[in-house]
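Take a look at the structure below.
Note: hydrogens, waters and symmetry copies are ignored here, and every other heavy atom, side chains too, is used. Just so we're clear, the structure is a prediction, and the values are computed from it rather than from any experiment.
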Amino acid sequence: MEGPSLVILHEEAKAFIGKKIIKVSGNTKTEKERLLNQKIIDIKTWGKHFLICFKDFMVRIHFLMYGSYRINEQKENPRLSLKFKNGEFNFYNCSIKFIEGDFYSQYDEETDVMSDRWNEKKAITALKKLPKKSLVCDALLNQNIFAGVGNIIKNEALWRIKMHPESFISSLKPKQLKQLAQEARTYSFDFYKWKKIYELKKHWVIYRKQICPRCNIKYTRKYCGNPARLTYFCSNCQVKYK
DNA sequence: TATAATGTTTGAAC
DNA sequence: AGTTCAAACATTAT
């Protein structure tokens, strides 16, 4: 689940702010009992993190590859289930973690590509500080720089800016660094827009596709970067900066 | 039906 | 000591 999907979840989840948890269950190994009788004071997202905030701590939910949730409905084997006087909030196949402190002391909104406070210059500065041989495909997935960007956004954004995923960050000119940072955010918002109208896959140009619409030739499909992730690119129009 | 994957952490092995 | 790698988690679309 990538950043834009978390923003959509956040919109649905906001209704639980101010509500008290009256029953907790689920197969999480964390100390979930701690949540009983607690009042949700805020709900936040940062990148791929979904955060339910309480007075002195937060519950961080990460959906990884297959995580899901249900609001006011349920399915089998919740990892965590929160019940309220009116309604319930259920999470499945996700990673659950307690974080002490408040949101602002733990998270920097300026590195979240979906945030109003996204700071493009900060991302560019961070890119320049990466080790010499860092690849563009890895940089985009680096959650400390582009929180919320996942493999779909990575592939689509690189195709749009005609940049080869195995380009070296250190070989990019200032203009290209800017373009990279900009498109990470721009595509994320397109992702959000399309996901909301259930048209996300319809707009994929490269991810899980075969033919480059610009060049009319077959895409390359290769495991790139470290850790290796399946990457789609057009070897004709995506320039490799080396 | 088999395959591959919207992701990250952990810890063993080298 | 730093890196590399597999395992773990477990679902769903193609």
Whole-Å distance separating the [atom1] atom of [X] from the [atom2] atom of [N]:
X: Asn93(A); N: dC9(C); atom1: CG; atom2: C1'; value: 8 Å
X: Ile153(A); N: dT6(B); atom1: CD1; atom2: C1'; value: 8 Å
X: Leu141(A); N: dT8(B); atom1: CG; atom2: C1'; value: 12 Å
X: Tyr66(A); N: dT8(B); atom1: OH; atom2: P; value: 13 Å
X: Ile96(A); N: dC9(C); atom1: CD1; atom2: P; value: 16 Å
X: Arg229(A); N: dT8(B); atom1: CZ; atom2: C1'; value: 10 Å
X: Tyr207(A); N: dA4(B); atom1: OH; atom2: P; value: 13 Å
X: Leu6(A); N: dG7(B); atom1: CG; atom2: P; value: 11 Å

Classify [X] by what it touches in the nucleic acid, base, sugar-phosphate, or nothing, heavy-atom distance under 4.0 Å.
X: Lys29(A); answer: nothing
X: Lys97(A); answer: nothing
X: Phe191(A); answer: base

Quiz item: Should Lys48(A) be listed as having a side-chain N or O under 4.0 Å from OP1 or OP2 of dT6(B)?
Solution: no

Quiz prompt | Phosphate OP1/OP2 of dT8(B): any Gln143(A) side-chain N/O under 4.0 Å | solution = yes

Exercise. With the side chain of Glu2(A) defined as its heavy atoms from C-beta on, choose the nearest nucleotide among dG7(B), dT8(B), dA10(C).
Key: dG7(B)

Practice problem: Counting heavy atoms from C-beta on, name the nucleotide in dA13(C), dA10(C), dT8(B) closest to the side chain of Arg79(A). | Solution: dA10(C)

Quiz item: Checking side-chain contact (heavy atoms from CB on, under 4.5 Å) against Trp159(A), which of Phe233(A), Tyr232(A), Tyr207(A), Tyr219(A) comes through?
Solution: Tyr219(A)

Self-check item: Same-atom distance (C1') from dT6(B) to dT4(C), integer angstrom
Solution: 25 Å

Quiz item: Looking at Tyr92(A), does the NZ or CZ of Lys75(A) lie under 6.0 angstrom from its six-membered ring centre and within 45 degrees of the ring axis?
Solution: yes

Quiz item: Does the gap between the ring centers of Phe57(A) and Phe98(A) come in under 6.0 Å?
Solution: yes

Quiz item: Are the charged groups of Arg160(A) and Asp190(A) less than 4.0 angstrom apart, N to O?
Solution: yes

Quiz item: When you match Asn226(A) and Ser68(A) each to their closest nucleotide on DNA chain C, which lands nearer the 5' end?
Solution: Asn226(A)

Exercise. Please tell me which of Leu64(A) and Lys75(A) maps to the more 5' nucleotide of DNA chain C, matching each residue to the nucleotide holding its nearest heavy atom.
Key: Leu64(A)

Quiz item: Can you tell me if Lys97(A) and Ser95(A) form a side-chain donor-acceptor pair at under 3.5 Å?
Solution: no

Quiz prompt | Counter-base of dT6(B), judged by Watson-Crick or G-U geometry with both distances under 3.5 Å | solution = none

Self-check item: Upstream residue (5' side of DNA chain B) when Tyr223(A) and His49(A) are each assigned their closest nucleotide
Solution: Tyr223(A)

